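Single-structure report; data block below.
Computed from a predicted structure; not experimentally measured. Below, chains carry the letters A, B, ... as their sequence lines are ordered, and counting in each starts from 1.
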Number of protein chains: 2
Amino acid sequence: MKRVTIKDLSKYLLLSTSTISRALVNDKNIHPDTKKKVLDAAEKLGYKPNTAALNLKYGQSKSIGVVVPEMTTPFSSMLLSGIQNILYPLGYRVIITPSDETPSIERKNLLHLEEFNVDGIIINLCHESYNDDVYQQIMDRGTPLVFFDRIPGKSIDASKVMVNDNIKAALMVEHLISTGRKRIAHIMGPSTIRNANERAAGYQRILDKHGIFDPDLVIKSEGTTFEHGRIAAQQLLNNKIKFDSIFAFTDTLAIGAMNYLLEQRIKIPEQIAVASFSGTELATIVHPKLTSVEQPLVQMGEVAARLILEKINDSTAASKTVILDAELVYRASTQL
Amino acid sequence: MKRVTIKDLSKYLLLSTSTISRALVNDKNIHPDTKKKVLDAAEKLGYKPNTAALNLKYGQSKSIGVVVPEMTTPFSSMLLSGIQNILYPLGYRVIITPSDETPSIERKNLLHLEEFNVDGIIINLCHESYNDDVYQQIMDRGTPLVFFDRIPGKSIDASKVMVNDNIKAALMVEHLISTGRKRIAHIMGPSTIRNANERAAGYQRILDKHGIFDPDLVIKSEGTTFEHGRIAAQQLLNNKIKFDSIFAFTDTLAIGAMNYLLEQRIKIPEQIAVASFSGTELATIVHPKLTSVEQPLVQMGEVAARLILEKINDSTAASKTVILDAELVYRASTQL
DNA sequence: AGTATCCATGGGAACGTGCCCAAAATTCGG
DNA sequence: CCGAATTTTGGGCACGTTCCCATGGATACT
């Protein structure tokens with residue numbers, strides 16, 4: 001099945017390719033009758049513009065790369081729908097590459113995307129510094145980068161989208177305190193993730209303020225999977241430290257922890273309340289439903305897409321950092 | 001930042017573009033010294049082949065479209081990693097478009113992907129027949145299609161990958177019976193999905209065989225979300241029908257149902273056992289963990305990718321239907 | 001030494017499109 | 001009714017790459 005080109009139309013209608021082209025791109029220098037004839041023939045023969053030719057012509061690939069740390073939770077998929085909301089109507093392809101929370105894979109993905117000639121890359125890091133050199137290289141070579149959610153530790157001249165982790169974590173801890181909790185444990189994310197440190201800082205700030213901070217209450221998790229959450233909960237219980245609630249770095253960790261507690265026949269929230277940070281459906285599909293900081297994920301994706309478009313359309317555009325608001329949603333896991 | 005082309009190398013080394021090209025593609029008709037010089041210069045100047053030019057040259061876009069009904073569960077992401085395992089090493093881009101379980105969006109996505117000139121499309125349907133005409137059109141126009149998981153109802157000449165829904169559903173129901181359950185309810189998926197009918201048929205076949213089938217035990221769900229599962233469970237309880245277990249069309253429905261039961265303080269599995277069908281992590285992150293038919297999702301993705309490659313590389317290749325095995329995993333939701 | 005063979009390189013067309021420039025066809029003003 | 005202005009069309013180059021064909025030079029054989 002040979003594809004129909006402008007040349008085919010040209011032969012078919014006995015018109016030059018220039019005229020055909022003009023009809024197709026809505027050029028004003030063309031007779032309405034001719035234009036109609038061309039459009040009809042294009043429809044009839046099933047003409048489809050060849051994107052490869054256009055890409056070559058304009059030096060753009062009309063595709064955007066997205067790097068996410070994982071795709072097994074709805075987190076990334078919500079961000080993606082935001083990104084696609086903006087980019088698909090503009091004719092961009094979106095190419096997604098999961099890094100599996102592994103910096104070396106992230107690195108490979110980035111270079112791979114560059115190889116694909118993407119016009120820009122939107123990325124949610126898995127390590128705050130490991131690939132700093134690559135980010136800079138890629139940008140130096142002319143491909144704009146936009147960071148979202150997990151941004152680099154070191155300041156890099158690129159647009160960024162995120163929420164205020166520190167403040168929102170603090171507010172969530174305040175909520176736990178307001179429900180009478182005093183021994184609030186924290187399952188902290190890997191310290192190679194900037195947000196983990198920010199949220200931990202917000203947590204500590206409030207406990208300090210109330211004079212109830214205890215370093216033993218903080219468990220540093222080495223990863224972000226459900227299993228890591230389980231392990232953290234197990235550690236907390238094994239440590240024989242008293243605690244009446246948990247604030248976890250993410251939904252995933254919180255749910256893993258919750259499962260372990262439930263298996264140990266601990267009642268949530270009666271004995272231990274659980275709160276976390278995210279913005280996905282995950283919080284509502286467990287029992288009891290999880291109190292969490294709901295990030296506006298779809299909106300974050302949309303903003304990230306707009307920021308990358310700005311950079312693509314004007315490579316000298318100033319970098320912007322957009323901080324979105326997140327809402328605290330109180331559910332059964334912290335309320336009797 | 002202008003990109004480096006073969007012409008730049010040509011000027012830089014005072015060699016023709018032909019020679020540069022030969023060096024780059026490992027042609028044998030080139031002096032080793034020249035080749036080394038070119039390769040070094042390419043490295044030094046940061047030459048990257050222009051994919052758009054290659055795509056134009058070879059008439060392929062080196063990209064594959066994937067249409068999935070949803071992306072909020074790990075289901076699609078596991079399939080995607082399978083697909084990407086195969087396609088990325090071969091230099092293919094993968095473009096993902098979620099249809100949101102809406103046939104009209106699926107239709108739009110398919111046409112959109114065709115517009116993008118993808119070399120092939122891998123699709124998991126959201127309706128067994130609504131878009132039949134488009135599938136056929138797209139294939140007629142020369143873009144191969146591969147169906148996986150949810151395949152079309154009507155027979156279409158295209159490769160397909162799936163598991164044997166009927167048999168596996170039957171085995172799962174046998175398991176419930178073997179644990180002493182006699183009143184097994186079924187939350188059936190929308191009958192516009194072939195698999196829903198197949199699994200329901202497997203369910204009924206076994207209940208009939210044991211003479212314990214009761215049509216009142218079957219709830220037809222209108223959708224596949226967690227919420228639909230909740231509603232189904234609610235209906236079951238409201239109907240005042242006695243039942244001691246549930247076999248659900250998918251994990252998602254099962255978990256939604258489980259949540260409702262737990263909220264009603266019903267004990268799982270003591271009072272009601274729950275089993276389902278899927279193959280994702282979801283089954284293990286709820287409490288109690290969910291017994292389910294584990295489909296080899298990553299493998300399914302890999303097979304789908306290989307099948308589409310076959311069709312791309314030889315448009316006359318015969319269509320294949322691959323049926324993969326699925327494993328029953330028994331967890332806490334059905335065992336005391 | 002002359003010719004045939006081989007190797008390394010250069011020239012240029014092609015993929016499909018848009019756009020610049022020129023040419024043809026039409027309209028307009030006097 | 002003729003030249004000028006305007007509209008409509010055609011020719012051909014460019015984007016970056018590969019590959020066929022041709023060319024030049026070196027080597028081998030008679």
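Remark: of the listed residues A:Glu310, A:Lys311, A:Lys160, A:Lys311 is the sole one forming a side chain to side chain donor-acceptor pair (under 3.5 Å) with A:Ser319. The side-chain contact (heavy atoms from CB on, under 4.5 Å) with B:Val68 is formed by just one residue from the set B:Ser77, B:Ser76, B:Ser99, B:Cys126; it is B:Ser76.
At a cut-off of 3.5 angstrom, the base of C:dG16 holds no donor-acceptor pair with the side chain of A:Arg3. At a cut-off of 3.5 angstrom, counting only N and O atoms as typed in the model, there is a donor on one side and an acceptor on the other between the side-chain of B:Ser18 and the base of C:dG12.
Considering only heavy atoms from C-beta on, A:Pro190 stays 4.5 Å or farther from A:Glu101 through its side chain. B:Leu110 has its side chain within reach of B:Ile121: a pair of non-hydrogen atoms, C-beta onward, lies under 4.5 Å apart. Looking at heavy atoms from C-beta onward, B:Val134 lies out of side-chain contact with B:Glu106 at the 4.5 angstrom threshold. At least one side-chain heavy atom of A:Ile308 sits under 4.5 Å from a side-chain heavy atom of A:Pro144. Between A:Tyr47 and A:Ile20 the shortest side-chain heavy-atom distance does not fall below 4.5 Å. Annotation: side chain of A:Thr224 is in contact with side chain of A:Ile193 (closest heavy-atom distance under 4.5 Å). Side-chain atoms of B:Lys62 and B:Asn55, non-hydrogen and from C-beta on, do get closer than 4.5 Å to each other.
OP1 or OP2 of D:dT18 lies within a sub-4.0 Å distance of a side-chain N or O belonging to B:Ser21. Put simply, A:Ser16 has a side-chain N or O that comes within less than 4.0 Å of OP1 or OP2 on D:dG10. Neither OP1 nor OP2 of D:dT8 sits under 4.0 Å from any side-chain N or O of A:Lys28.
Projected onto DNA chain C by closest heavy-atom contact, B:Thr19 and A:Asp27 fall at different nucleotides, the more 5' of which corresponds to B:Thr19.
Between the CG atom of A:Leu9 and the C1' atom of D:dG10 there is a distance of 16 Å, rounded to whole Å. In this structure, B:Ile30 atom CD1 and D:dC19 atom C1' are separated by 14 Å, rounded to whole Å. D:dC15 atom P lies 10 Å from atom CG of B:Asp8, rounded to whole Å. Atom CG in A:Asn29 sits roughly 15 Å away from atom P in C:dG18 (whole-Å rounding). Rounded to a whole Å, the CG atom of A:Leu14 is 14 Å from the C1' atom of D:dT9. Atom-to-atom, CD1 of B:Ile6 to P of C:dG12 comes out at 17 Å; the value is rounded to the nearest Å. The nearest whole Å value for the distance from the CD1 atom in B:Ile20 to the P atom in C:dA8 is 16 Å. For the pair A:Lys7 NZ and C:dG16 C1', the interatomic distance rounds to 7 Å; values are reported in whole Å.
Proximity of residues 44-61 of chain B to DNA chain C (heavy atom under 4.0 angstrom from any strand atom) is restricted to B:Leu56, B:Lys57. Heavy-atom distances under 4.0 Å link DNA chain D to A:His31, A:Thr34 of residues 31-42 of chain A, given in residue order.
Of the candidate nucleotides C:dT17, C:dT9, D:dT9, C:dT9 has the atom lying nearest to any side-chain atom of B:Arg22. The side chain of A:Leu15 lies closest to D:dT9 when the candidates are C:dG16, C:dG18, D:dT9.
Residues B:Asp40 and B:Lys36 are paired through a salt bridge, judged by an N-O separation under 4.0 Å between the basic side chain and the carboxylate.
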